[in-house]
There are 2 protein chains.
Amino acid sequence: MPYAESFAALADPTRRQVFEMLAAKPMPVGALAECLPVSRPAVSQHLKVLTDAGLVAAQPEGARRIYSVRREGLAELRAWIDRYWDDVLAGFHQDVMNQTGEDH
Amino acid sequence: MPYAESFAALADPTRRQVFEMLAAKPMPVGALAECLPVSRPAVSQHLKVLTDAGLVAAQPEGARRIYSVRREGLAELRAWIDRYWDDVLAGFHQDVMNQTGEDH
DNA sequence: ACTCAGCGTAAGGCATGACTTACGGTAAGC
DNA sequence: GCTTACCGTAAGTCATGCCTTACGCTGAGT
């Protein structure tokens, strides 16, 4: 269940901001840190959490590491939501049945 | 940005379990607590977080309070994911363009 | 009116987590 | 080869969060 780590990763505002910046454009660590109110090591730690969750990935380019978003990570979250989305719709439908007719 | 609270709410495993149980079937607090390894007040606190995030809602029924899932809460999360889903696809598309031709 | 079931809230303890500074390690440039 | 840029990790501090027990409130039944 990798979606568990994904939710935990995106629960932090700074980490969401990192993710959003990478979604807009792949970037090295330094570029992220310049646009954020935290230190560069803090960004590195956040990137580790996001990487472990499968939401981002690093691609070494010389001495730098270009981080970018992994579509599969978002797909996991979408899958989780869609599952319970269906459950809720089914439950709602059942409630309507119970309220209207109590038939069958 | 209510999705912020939603991510924070679903980041906790116990809270996700509560949400999943409510998605399967609306329930009062006591019924949830019986199936969980934590005390009833803990469940109440989790329900408050989920309620503040707009993910669940309570409907008083006599002395009990029947909790159920709010579709709008899940919709918020879906909207956030879909937004960055599109961004990632666009970025990926742009990378392909840069690699193949550098035209525009 | 009294009792009891069902919840929410307050207060406190303990773990988890986010940030900092300091350090080590690798790749590029002179 | 040596410096410099770029990055990850370690250690420590401080805040946040989850859980517990104890308490107070409301609605139903006798």
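Letters A, B, ... are given to chains in the order of the sequence lines, protein chains preceding strands, and every chain is numbered from 1.
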Note to self: Below the 4.0 Å mark, does D:dC6 have OP1 or OP2 next to a side-chain nitrogen or oxygen of A:Tyr67?
What the structure shows: no

Notebook entry, point to check: Roughly how many Å is it from CD in A:Gln59 to C1' in D:dC7, rounded to a whole number?
Noted result: 16 Å

Check: Rounded to whole angstrom units, what separation is found between the CG atom of B:Leu47 and the C1' atom of C:dT9?
Finding: 14 Å

Next item on the list: Please check if the side chain of B:Arg15 supplies one atom and the backbone of B:Ala9 the other of a donor-acceptor pair under 3.5 Å.
Entry: yes

Checklist line | Spacing between A:Gln17 atom CD and C:dA18 atom P, to the nearest angstrom | finding: 15 Å

Notebook entry, point to check: In chain order, what residues pass the side-chain hydrogen bond (donor to acceptor under 3.5 Å, both in side chains) check against B:Arg78, with sequence neighbours excluded?
Noted result: A:Asp82

Notebook entry, point to check: Taking atom P of D:dA28 as reference, at what distance in whole Å does atom CD of B:Glu61 sit?
Noted result: 10 Å

Note to self: For A:Glu72, is the CD atom crowded, meaning more than 12 foreign heavy atoms sit under 6.0 Å from it?
What the structure shows: yes

Next item on the list: State whether the side chain of B:Arg70 and the backbone N or O of B:Gly54 hold a donor-acceptor pair below 3.5 Å, judged by distance alone.
Entry: yes

Item checked: Heavy-atom donor-acceptor pair, B:Arg65 side chain to B:Ala58 backbone, under 3.5 Å -> no

Next item on the list: Compare side-chain N and O positions of B:Arg65 against OP1 and OP2 of C:dG8 and report whether any pair is under 4.0 Å apart.
Entry: yes

Check: Under 30°, 30 to 60°, or over 60°: which ring-plane class applies to B:Phe7 and B:Tyr3, parallel, tilted or perpendicular?
Finding: perpendicular

Check: What is the distance, rounded to the nearest whole Å, between atom CG of A:Leu36 and atom C1' of C:dT20?
Finding: 16 Å

Notebook entry, point to check: Which whole-number value in Å describes the distance from A:Asp52 CG to C:dG17 P?
Noted result: 12 Å

Check: In the 5'-to-3' direction, what one-character label does each nucleotide of nucleotides 14-27 of chain D receive under the scheme B = base within less than 4.0 Å of a protein heavy atom, S = sugar-phosphate only, - = no such atom?
Finding: ----SBBBB----S

Note to self: Output the rounded distance in Å from CG (B:Leu32) to P (C:dG8).
What the structure shows: 10 Å

